[in-house]
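Index from 1, following the sequence. Only a predicted model underlies this, so the values are computations on that prediction, with no experimental measurement involved. Ligands are counted one by one from 1 in listed order, and the atoms in each one are counted from 1 as well.
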Amino acid sequence: MAEQGMRLDRLLAASGYGSRNDVKKLIRNGLVSVDGITVRNADLKVRPDTQEIRVDDQPVVYEKYHYFMLNKPAGCISATSGSGPTVLDLIDEPYRDLFPCGRLDKDTEGLLLITDDGPLAHELLSPRHHVEKEYEVRLRDPFEPGYTAVFAAGMTMADGTVFQPARLIQTGEKACRIILQEGKFHEIKRMFLAAGNEVVSLRRIRMKNLELDESLAPGEYRKLTEEETAGLRALLR
Ligand code: URA
């Protein structure tokens with residue numbers, strides 16, 4: 001896109017300056033300049049990598065995609081819309097195409113990537129890549145040593161659903177961590193039910209090499225660092 005140039009109104013809308021109509025108004029009102037010259041046509045093709053674009057004399061920082069780490073609280077759903085609060089209600093950003101990369105149950109907390117990078121999300125969620133997801137689990141009943149081998153062998157449910165092998169690390173009398181390479185509906189809860197126990201709480205702490213920032217309280221989010229983004233984007237290579 002950047003090679004052939006990009007429509008000025010599209011670039012400004014993608015950079016958080018409002019809807020296409022909002023940015024057309026900015027342009028019409030003479031607030032937008034390209035390489036020091038005020039421009040009036042919204043469909044002008046610009047190259048954000050080599051041209052200096054300013055709005056109200058402030059340089060526009062163009063980023064094609066945006067990446068945020070949310071510490072999802074219990075009680076909101078991992079969707080862009082629905083009945084009740086969604087994870088996007090917690091994200092106060094001007095970018096319009098953000099969505100949660102994957103789903104956590106309504107009562108699950110922890111790491112959720114919020115992005116508008118469709119190709120990257122597709123790869124992260126693709127079973128082809130076996131992207132690791134790690135969760136902290138609290139159980140109703142004590143953790144039994146036999147679980148480790150049972151989960152490591154994978155499980156087939158009565159309805160035919162197959163859960164791939166998962167790694168368990170006991171962390172307390174009724175607590176463990178689990179590392180999965182897939183993300184089927186209610187997977188962890190269903191595996192523990194099949195083992196005769198029950199999940200009391202679930203919190204995701206890692207996806208691939210992206211670790212939950214423990215300084216984020218439930219409901220808080222922050223932008224990914226360049227290093228974190230690069231770690232995830234390595235999948236696309
Ligand atoms: N497994 C579950 O059961 N729930 C989640 O939210 C994630 C994995």
- Between the side chains of D49 and Y62, does any donor sit under 3.5 Å from an acceptor?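 Looking only at side-chain atoms, Y62 and D49 do not form any donor-acceptor pair under 3.5 Å.
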- Message: Whether the H66 and E93 side chains hold a donor-acceptor pair (N or O, under 3.5 Å, no angle test) is what I'd like checked.
- Response: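 Looking only at side-chain atoms, E93 and H66 do not form any donor-acceptor pair under 3.5 Å.
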- atom 4 (N) of ligand 1: which protein heavy atom is closest, and how many Å away?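 Looking at atom 4 (N) of ligand 1, the protein heavy atom closest to it is D105 OD2, 2.7 Å.
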- Query: How about R206: does its CZ atom have over 12 heavy atoms from other parts shown lying under 6.0 Å from it?
  - Reply: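 Correct, the count exceeds 12.
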- Hey, could you give me the CD/CZ distance between Q181 and R167, rounded to the nearest 0.5 Å?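 It comes to 8.5 Å.
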- Query: Can an N or O of K189 be found at a distance shorter than 3.5 Å from an N or O of ligand 1?
  - Reply: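 Yes - when backbone and side-chain N and O of K189 are compared with those of ligand 1, one distance drops under 3.5 Å.
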- Message: With heavy-atom distances below 4.5 Å as the criterion, would you say the side chains of V162 and M155 are in contact?
- Response: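 They are not in contact (no side-chain heavy atoms under 4.5 Å apart), so the answer is no.
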- Message: Please confirm whether F185 approaches ligand 1 to less than 4.0 Å, judged on its heavy atoms.
- Response: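 Heavy atoms of F185 never come under 4.0 Å of ligand 1.
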- Would you mind telling me if ligand 1 is within reach of the side chain of I188, the backbone, both or neither, using heavy atoms under 4.0 Å?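 Both parts.
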- Query: Using a heavy-atom cut-off of under 4.0 Å, does the side chain or the backbone of V199 touch ligand 1, or both, or neither?
  - Reply: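 No part of V199 comes within reach of ligand 1.
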What atoms of ligand 1 come closer than 4.0 angstrom to any heavy atom of [X]?
X: Y135; answer: 7 (C), 8 (C)
X: T108; answer: 4 (N), 5 (C), 6 (O)
X: L104; answer: 6 (O)

- Query: Would you call D9 and R28 a salt bridge, using N to O less than 4.0 angstrom?
  - Reply: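 Answer for the salt bridge query: no.
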